[in-house]
Amino acid sequence: MSSSDGFNIILFGEMGVGKSSVINLLAGEPVAKVSSDVEHGTLKSTKYTLPLRGAEVRIWDTVGLEEPTMGVNGYLIAIEKAHALIRDLGNAGGVDLLLFCIRGSRITATTQGNYRLFHEILCNKEVPIALVVTNLERETIMEDWWVRNEEYIKTYGIHSVGHACVTGIEEDEKYSESKDALRNLLLSQLNNRRRKLSAEQESAERREDGPHISQAL
């Protein structure tokens with residue numbers, strides 16, 4: 001079960017997909033440096049803490065996983081670090097949400113592989129996953145991309161509990177809309193978690209206050 005005083009999110013996706021831009025969108029300022037994971041040797045995750053409606057949202061930005069670019073050794077090391085992060089978070093309250101960044105273009109084998117790695121293998125399908133579709137600057141209405149491609153994404157076995165269509169370009173007129181879409185996505189998942197925790201607490205209290213059967217001597 002997750003910790004009640006915070007919301008733990010693991011952000012993942014291919015290299016150059018725009019994970020740092022997603023962090024900056026949520027923060028409302030440039031707190032994450034937009035750069036290549038391999039170029040700067042960041043094979044470890046970076047933690048960002050952001051406030052959201054009275055909750056402390058903790059986001060771990062993981063290294064972009066792409067074997068041809070990283071090489072086999074770098075790829076395996078990155079997977080080991082991701083597994084260690086999920087294990088450590090499990091011991092410290094749990095992972096509440098997987099946030100999967102994908103480009104607003106075609107689905108690649110790497111996209112599908114990353115989804116399966118985090119959602120199915122590392123998290124055993126036990127953690128909800130939401131999609132952030134990036135690089136949608138050319139869309140007049142960004143949500144139209146999702147309308148056109150939702151079924152196409154599902155053909156690759158990629159399913160989600162929610163999505164946000166965004167651009168990470170601050171000068172774009174749709175930047176503010178992107179920020180709202182992201183925050184609303186996280187708020188919906190945060191509220192789902194709060195309802196789940198409340199239901200679990202009520203169930204536990206009912207068990208404690210339930211009728212006690214005494215046996216006559």
Side-chain angles (χ1 to χ4, degrees), residues 2 7-23 25-26 37 57 59-70 75 78-79 82-83 85-86 89 94-169 172 174 177-196:
S2 302
F7 193 61
N8 295 329
I9 299 173
I10 291 181
L11 177 65
F12 71 102
E14 297 175 47
M15 293 178 183
V17 77
K19 299 190 303 299
S20 296
S21 296
V22 167
I23 294 291
L25 266 172
L26 287 168
D37 296 309
V57 175
I59 303 177
W60 279 263
D61 180 11
T62 62
V63 63
L65 293 177
E66 196 163 358
E67 185 178 344
T69 303
M70 304 176 74
Y75 183 73
I79 291 177
H83 181 259
L85 171 64
I86 292 170
L89 287 178
V95 180
D96 296 297
L97 181 68
L98 292 172
L99 200 57
F100 186 21
C101 275
I102 64 173
R103 292 185 185 88
S105 54
R106 65 187 181 89
I107 302 298
T108 66
T110 300
T111 307
Q112 189 178 31
N114 281 338
Y115 173 88
R116 294 192 63 189
L117 173 65
F118 276 85
H119 182 55
E120 299 178 8
I121 300 174
L122 296 180
C123 291
N124 298 314
K125 299 183 179 180
E126 296 175 351
V127 179
I129 184 168
L131 301 182
V132 180
V133 186
T134 63
N135 301 99
L136 295 180
E137 297 80 33
R138 296 184 180 181
E139 294 284 340
T140 303
I141 300 175
M142 293 185 294
E143 188 64 21
D144 284 352
W145 186 94
W146 183 262
V147 174
R148 296 195 308 269
N149 292 282
E150 180 180 7
E151 294 305 316
Y152 164 70
I153 292 172
K154 289 179 180 178
T155 63
Y156 285 86
I158 297 175
H159 302 273
S160 66
V161 296
H163 71 275
C165 294
V166 306
T167 173
I169 297 178
D172 194 287
K174 297 183 289 293
E177 177 187 340
S178 298
K179 186 188 301 183
D180 290 341
L182 263 177
R183 291 180 69 86
N184 288 337
L185 172 61
L186 296 194
L187 274 173
S188 68
Q189 297 308 309
L190 174 61
N191 289 332
N192 286 344
R193 174 182 163 279
R194 284 170 169 168
R195 285 190 290 268
K196 179 181 177 181

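Computed from a predicted structure; not experimentally measured.
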J.: Locate the shortest heavy-atom distance separating Tyr152 from Ile107; write the atom from each residue and the value.
T.: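 Nearest heavy atoms, Tyr152 then Ile107: OH-N, 3.2 Å.
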J.: By side chain to side chain donor-acceptor pair (under 3.5 Å), which residues pair with Ser188, not counting sequence neighbours?
T.: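 Not a single residue meets the side chain to side chain donor-acceptor pair (under 3.5 Å) criterion with Ser188.
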J.: Could you give the distance from OG1 (Thr110) to CD1 (Ile102), rounded to the nearest 0.5 Å?
T.: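 Rounded to the nearest 0.5 Å, the OG1-CD1 separation comes out at 13.0 Å.
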J.: Sequence neighbours excluded, which residues qualify as side chain to side chain donor-acceptor pair (under 3.5 Å) partners of Gln112?
T.: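 Checked Gln112 against side chain to side chain donor-acceptor pair (under 3.5 Å); zero matches.
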J.: Treating Thr62 as the side-chain partner and Leu11 as the backbone partner, does any N or O pair qualify as donor plus acceptor under 3.5 Å?
T.: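 Present.
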J.: As a quick check of understanding, evaluate side-chain contact (heavy atoms from CB on, under 4.5 Å) for Trp146 and Leu136, giving each step before the final call.
T.: CA-CA 10 Å; Trp146 183 262; Leu136 295 180; over 6 Å; no
J.: Calculate, to the nearest 0.5 Å, the distance between atoms CG and CG belonging to Leu122 and Leu98 respectively.
T.: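 Between Leu122 CG and Leu98 CG, I get 9.0 Å after rounding to 0.5 Å.
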J.: Please name the pair of heavy atoms, one in Met142 and one in Cys165, separated by the smallest distance, quoted to 0.1 Å.
T.: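 Closest approach of Met142 to Cys165, heavy atoms only: CE-O, 3.5 Å.
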J.: Stepwise, does the side-chain contact (heavy atoms from CB on, under 4.5 Å) test hold for Val17 with Val132?
T.: CA-CA 10 Å; Val17 77; Val132 180; over 6 Å; no
J.: How close do Ser160 and Ala130 get, counting heavy atoms only, and between which atoms?
T.: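 Residues Ser160 and Ala130, closest heavy atoms: CB-CA, 4.2 Å.
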J.: Under the criterion side-chain contact (heavy atoms from CB on, under 4.5 Å), I'd like the reasoning laid out for Val127 against Ile86: C-alpha separation, chi angles, the key distance, then a yes or no.
T.: CA-CA 11 Å; Val127 179; Ile86 292 170; over 6 Å; no
J.: Judged by atom type as modelled, is there a donor-acceptor pair below 3.5 Å linking the side chain of Asn8 to the main-chain atoms of Asp96?
T.: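 No, because the side chain of Asn8 does not come within donor-acceptor range (under 3.5 Å) of the backbone of Asp96.
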J.: Of all the heavy-atom pairs spanning Val161 and Gln189, show the shortest one and how long it is.
T.: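 In terms of heavy atoms, the two residues are closest at CG2-OE1, 3.4 Å.
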J.: Heavy-atom distance under 4.5 Å between the side chains of Ser20 and Asp61, does that happen here?
T.: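 Of all side-chain heavy-atom pairs linking Asp61 with Ser20, at least one is under 4.5 Å.
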J.: Which pairs count as salt bridge (charged side-chain N to carboxylate O under 4.0 Å, His left out) when at least one residue sits in residues 110-137, sequence neighbours excluded?
T.: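 Found Arg116-Glu120.
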J.: How many angstroms lie between atom CD of Glu143 and atom CZ of Arg148, to the nearest 0.5 angstrom?
T.: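 That separation rounds to 11.0 Å.
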J.: To the nearest 0.5 Å, tell me how far Glu14 CD sits from Thr134 OG1.
T.: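 Separation between the atoms: 9.5 Å.
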J.: So Trp60 and Leu89, side-chain contact (heavy atoms from CB on, under 4.5 Å) or not? Walk me through it.
T.: CA-CA 10 Å; Trp60 279 263; Leu89 287 178; 3.4 Å; yes
J.: Determine the minimum heavy-atom distance between Val22 and Cys101, stating which atoms define it.
T.: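 Of all heavy-atom pairs spanning Val22 and Cys101, the closest is CG2-SG, 3.6 Å.
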J.: Backbone N or O of Phe100 within a donor-acceptor pair of the Tyr115 side chain at under 3.5 Å?
T.: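 Absent.
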J.: Counting only heavy atoms not in Arg106, do more than 12 sit closer than 6.0 Å to its CZ atom?
T.: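 Open: at most 12 neighbouring heavy atoms sit under 6.0 Å from CZ of Arg106.
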J.: With a 4.5 Å heavy-atom cut-off, do Tyr156 and Thr111 have their side chains touching?
T.: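 Contact flag for Tyr156/Thr111 side chains = no.
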J.: Just how far is it from atom CZ of Phe7 to atom CG of Asn191, taken to the nearest 0.5 Å?
T.: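 Those atoms lie 9.0 Å apart.
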J.: Please examine the side chains of Leu185 and His163, heavy atoms only from C-beta on, and report whether any two atoms are closer than 4.5 Å.
T.: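 Of all side-chain heavy-atom pairs linking Leu185 with His163, none is under 4.5 Å.
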J.: What's the spacing between Leu182 CG and Leu99 CG if we round to 0.5 Å?
T.: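 Those atoms lie 7.0 Å apart.
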